[in-house]
Amino acid sequence: MNEHRRQILEMLAEGKVTAEEAERLIDALDRQHPEPVPGTKPRPKFLRVLVVADDGTSGDGSSRINIRVPLQLLRAGVRLTALVPPPALAKANTELARAGWPIDLTQLKPQHLDDLIEHLDDLTVDVDDPGSTVKVFCE
Amino acid sequence: MPRLVTYRQRRSNGRWLRLYVPVLPVLLVLSPLLLLAVLVACVIYRVSPVGALRGAGQLLWASSGARFEITQGRTAVLVHVI
(Lines give C-alpha, C1' and ligand atoms only; values in the text may rest on other atoms or scores of the structure.)
Protein backbone atom coordinates (compact mmCIF):
# COMPACT_ATOMS: atom_id res chain seq x y z
CA MET A 1 0.00 0.00 0.00
CA ASN A 2 1.49 3.31 -0.92
CA GLU A 3 1.67 6.29 1.38
CA HIS A 4 -1.06 8.37 -0.29
CA ARG A 5 -3.52 5.49 -0.12
CA ARG A 6 -2.71 4.97 3.56
CA GLN A 7 -3.24 8.68 4.26
CA ILE A 8 -6.66 8.55 2.60
CA LEU A 9 -7.63 5.49 4.64
CA GLU A 10 -6.43 7.22 7.81
CA MET A 11 -8.54 10.26 6.95
CA LEU A 12 -11.49 7.93 6.45
CA ALA A 13 -10.86 6.21 9.78
CA GLU A 14 -10.64 9.57 11.53
CA GLY A 15 -13.91 10.65 9.95
CA LYS A 16 -12.35 13.56 8.06
CA VAL A 17 -13.75 12.29 4.75
CA THR A 18 -16.75 10.15 3.89
CA ALA A 19 -16.46 6.71 2.28
CA GLU A 20 -17.57 8.18 -1.07
CA GLU A 21 -14.95 10.93 -0.91
CA ALA A 22 -12.27 8.41 0.02
CA GLU A 23 -13.29 6.23 -2.94
CA ARG A 24 -13.10 9.21 -5.29
CA LEU A 25 -9.67 10.15 -3.92
CA ILE A 26 -8.37 6.59 -4.34
CA ASP A 27 -9.77 6.46 -7.90
CA ALA A 28 -8.02 9.75 -8.69
CA LEU A 29 -4.82 8.39 -7.16
CA ASP A 30 -5.06 5.22 -9.30
CA ARG A 31 -5.50 7.32 -12.42
CA GLN A 32 -2.49 9.43 -11.48
CA HIS A 33 -0.27 6.50 -10.42
CA PRO A 34 -1.51 3.23 -11.98
CA GLU A 35 -0.71 0.03 -10.08
CA PRO A 36 2.42 -1.72 -11.44
CA VAL A 37 1.97 -4.90 -13.46
CA PRO A 38 2.51 -7.94 -11.15
CA GLY A 39 5.87 -9.61 -11.69
CA THR A 40 7.69 -6.44 -12.74
CA LYS A 41 9.77 -4.77 -10.08
CA PRO A 42 8.97 -1.05 -9.89
CA ARG A 43 11.98 1.21 -10.08
CA PRO A 44 12.69 2.91 -6.77
CA LYS A 45 12.28 6.66 -6.80
CA PHE A 46 13.55 7.68 -3.41
CA LEU A 47 16.55 7.10 -1.18
CA ARG A 48 15.32 6.78 2.38
CA VAL A 49 17.42 7.26 5.52
CA LEU A 50 15.86 6.40 8.87
CA VAL A 51 17.69 6.86 12.14
CA VAL A 52 16.15 6.22 15.54
CA ALA A 53 18.38 6.74 18.55
CA ASP A 54 17.53 6.50 22.22
CA ASP A 55 19.04 9.55 23.80
CA GLY A 56 19.25 8.40 27.37
CA THR A 57 21.48 11.25 28.49
CA SER A 58 19.07 14.16 28.13
CA GLY A 59 15.95 12.34 29.25
CA ASP A 60 14.01 13.96 26.41
CA GLY A 61 13.25 10.65 24.76
CA SER A 62 14.55 9.48 21.42
CA SER A 63 15.95 11.29 18.40
CA ARG A 64 14.49 10.45 15.03
CA ILE A 65 15.69 11.32 11.55
CA ASN A 66 13.58 10.49 8.53
CA ILE A 67 14.96 11.67 5.20
CA ARG A 68 13.54 10.90 1.78
CA VAL A 69 15.59 12.16 -1.16
CA PRO A 70 14.40 11.65 -4.74
CA LEU A 71 17.00 9.66 -6.71
CA GLN A 72 16.41 12.15 -9.51
CA LEU A 73 17.73 14.86 -7.20
CA LEU A 74 20.92 12.85 -6.61
CA ARG A 75 21.34 12.48 -10.38
CA ALA A 76 20.86 16.23 -10.88
CA GLY A 77 23.40 16.91 -8.13
CA VAL A 78 25.89 14.55 -9.74
CA ARG A 79 25.53 16.40 -13.05
CA LEU A 80 26.50 19.59 -11.25
CA THR A 81 29.93 18.10 -10.52
CA ALA A 82 30.72 18.59 -14.22
CA LEU A 83 30.70 22.33 -13.52
CA VAL A 84 33.47 22.19 -10.94
CA PRO A 85 36.50 23.85 -12.55
CA PRO A 86 39.72 21.76 -12.81
CA PRO A 87 41.77 24.15 -10.58
CA ALA A 88 39.23 23.62 -7.77
CA LEU A 89 39.55 19.85 -8.17
CA ALA A 90 43.34 20.15 -8.06
CA LYS A 91 43.11 22.17 -4.84
CA ALA A 92 40.71 19.61 -3.33
CA ASN A 93 43.10 16.81 -4.34
CA THR A 94 45.96 18.57 -2.57
CA GLU A 95 43.92 19.06 0.61
CA LEU A 96 42.70 15.46 0.54
CA ALA A 97 46.25 14.17 0.11
CA ARG A 98 47.40 16.36 3.01
CA ALA A 99 44.62 14.90 5.19
CA GLY A 100 45.74 11.36 4.30
CA TRP A 101 43.12 10.65 1.63
CA PRO A 102 45.03 10.30 -1.65
CA ILE A 103 41.98 10.41 -3.93
CA ASP A 104 42.21 11.90 -7.41
CA LEU A 105 38.90 13.67 -7.91
CA THR A 106 39.74 14.49 -11.53
CA GLN A 107 39.32 10.78 -12.31
CA LEU A 108 35.78 10.86 -10.94
CA LYS A 109 33.56 11.43 -13.97
CA PRO A 110 29.85 12.33 -13.74
CA GLN A 111 28.92 9.20 -15.68
CA HIS A 112 30.66 7.04 -13.01
CA LEU A 113 28.61 8.74 -10.31
CA ASP A 114 25.53 8.32 -12.46
CA ASP A 115 26.23 4.58 -12.66
CA LEU A 116 26.67 4.54 -8.89
CA ILE A 117 23.26 6.11 -8.35
CA GLU A 118 21.76 3.77 -10.93
CA HIS A 119 22.83 0.84 -8.75
CA LEU A 120 21.67 2.41 -5.50
CA ASP A 121 18.37 0.62 -6.19
CA ASP A 122 19.78 -2.53 -4.64
CA LEU A 123 21.33 -0.83 -1.65
CA THR A 124 20.09 -1.68 1.82
CA VAL A 125 21.98 -0.70 4.95
CA ASP A 126 20.54 -1.95 8.20
CA VAL A 127 22.36 -1.22 11.45
CA ASP A 128 20.84 -2.45 14.70
CA ASP A 129 22.50 -1.24 17.84
CA PRO A 130 21.09 -1.56 21.39
CA GLY A 131 20.65 2.23 21.49
CA SER A 132 19.96 3.07 17.89
CA THR A 133 18.74 1.84 14.54
CA VAL A 134 19.90 3.04 11.14
CA LYS A 135 18.22 2.04 7.89
CA VAL A 136 19.22 3.21 4.41
CA PHE A 137 17.26 1.87 1.48
CA CYS A 138 15.57 2.79 -1.78
CA GLU A 139 11.80 2.74 -2.20
CA MET B 1 8.42 21.01 -10.59
CA PRO B 2 7.75 21.44 -6.87
CA ARG B 3 4.75 23.60 -6.05
CA LEU B 4 4.98 24.03 -2.32
CA VAL B 5 7.58 23.74 0.40
CA THR B 6 6.19 23.18 3.86
CA TYR B 7 8.34 23.93 6.87
CA ARG B 8 7.12 22.88 10.29
CA GLN B 9 9.01 23.37 13.50
CA ARG B 10 7.94 22.20 16.93
CA ARG B 11 9.50 24.33 19.60
CA SER B 12 10.52 23.09 23.04
CA ASN B 13 7.28 24.51 24.49
CA GLY B 14 5.32 22.18 22.19
CA ARG B 15 3.97 24.90 19.87
CA TRP B 16 4.26 24.40 16.12
CA LEU B 17 5.55 26.97 13.66
CA ARG B 18 4.20 26.29 10.19
CA LEU B 19 5.40 27.94 7.00
CA TYR B 20 4.00 27.22 3.55
CA VAL B 21 6.19 28.58 0.75
CA PRO B 22 4.75 28.52 -2.78
CA VAL B 23 7.75 27.83 -5.00
CA LEU B 24 6.76 29.48 -8.27
CA PRO B 25 5.68 32.90 -6.90
CA VAL B 26 8.74 33.09 -4.65
CA LEU B 27 10.96 32.09 -7.54
CA LEU B 28 9.40 34.71 -9.80
CA VAL B 29 9.80 37.45 -7.19
CA LEU B 30 13.39 36.54 -6.42
CA SER B 31 14.42 35.63 -9.98
CA PRO B 32 16.24 38.92 -10.79
CA LEU B 33 18.25 38.68 -7.58
CA LEU B 34 18.96 34.97 -8.02
CA LEU B 35 19.98 35.46 -11.64
CA LEU B 36 22.37 38.22 -10.67
CA ALA B 37 23.83 36.15 -7.81
CA VAL B 38 24.34 33.14 -10.12
CA LEU B 39 25.99 35.26 -12.81
CA VAL B 40 28.33 36.96 -10.32
CA ALA B 41 29.24 33.60 -8.74
CA CYS B 42 29.88 32.13 -12.21
CA VAL B 43 32.20 34.99 -13.14
CA ILE B 44 34.10 34.73 -9.84
CA TYR B 45 34.49 30.94 -9.98
CA ARG B 46 34.84 30.79 -13.80
CA VAL B 47 31.93 28.44 -14.29
CA SER B 48 29.67 28.39 -17.36
CA PRO B 49 26.53 30.43 -16.44
CA VAL B 50 24.39 28.39 -18.83
CA GLY B 51 25.54 25.13 -17.27
CA ALA B 52 25.05 26.49 -13.76
CA LEU B 53 21.51 27.70 -14.51
CA ARG B 54 20.66 24.42 -16.20
CA GLY B 55 22.06 22.49 -13.23
CA ALA B 56 20.16 24.63 -10.74
CA GLY B 57 16.97 24.16 -12.77
CA GLN B 58 17.46 20.39 -12.82
CA LEU B 59 18.00 20.39 -9.06
CA LEU B 60 14.83 22.39 -8.53
CA TRP B 61 12.84 20.18 -10.89
CA ALA B 62 14.05 17.01 -9.21
CA SER B 63 13.49 18.15 -5.63
CA SER B 64 9.77 17.36 -5.71
CA GLY B 65 8.96 14.67 -3.17
CA ALA B 66 11.93 15.34 -0.89
CA ARG B 67 11.23 15.11 2.80
CA PHE B 68 13.42 15.87 5.80
CA GLU B 69 12.19 15.14 9.31
CA ILE B 70 14.39 15.56 12.34
CA THR B 71 12.95 15.03 15.78
CA GLN B 72 14.78 15.25 19.07
CA GLY B 73 12.82 15.03 22.24
CA ARG B 74 10.14 17.72 22.12
CA THR B 75 11.67 19.69 19.28
CA ALA B 76 11.21 18.78 15.63
CA VAL B 77 11.87 20.21 12.18
CA LEU B 78 9.94 18.85 9.21
CA VAL B 79 10.53 20.04 5.65
CA HIS B 80 8.46 18.65 2.79
CA VAL B 81 8.80 19.55 -0.85
CA ILE B 82 5.52 18.85 -2.62
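All chains are named by letter (A, B, ...) in the order of the sequence lines, taking the proteins before the strands, and each is independently numbered beginning at 1.
- Pairing each heavy atom of A/D54 with each of A/S62, the nearest pair is OD1-CB, 3.5 Å.
- Residues A/N66 and A/R48 bring a donor and an acceptor atom of their side chains to less than 3.5 Å of each other.
- Looking at B/S64, only its backbone comes within 4.5 Å of chain A, counting heavy atoms on both sides.
- Under the 4.5 Å side-chain heavy-atom criterion for grouping Ile, Leu, Val, Met, Phe, Trp and Tyr, A/F46 is not connected to A/I65 through any hydrophobic cluster.
- Of the residues considered (A/L71, A/I67, A/V49), A/I67 shows the highest number of contacts with chain B, using heavy-atom pairs under 4.5 Å.
- No single ILVMFWY cluster, assembled from side-chain heavy atoms under 4.5 Å apart, contains both A/L50 and A/L74.
- Residue with the most contacts toward chain A among B/R46, B/Q58, B/H80, B/R67: B/R67 (heavy-atom pairs, distance under 4.5 Å).
- Looking at A/L80, only its side chain comes within 4.5 Å of chain B, counting heavy atoms on both sides.
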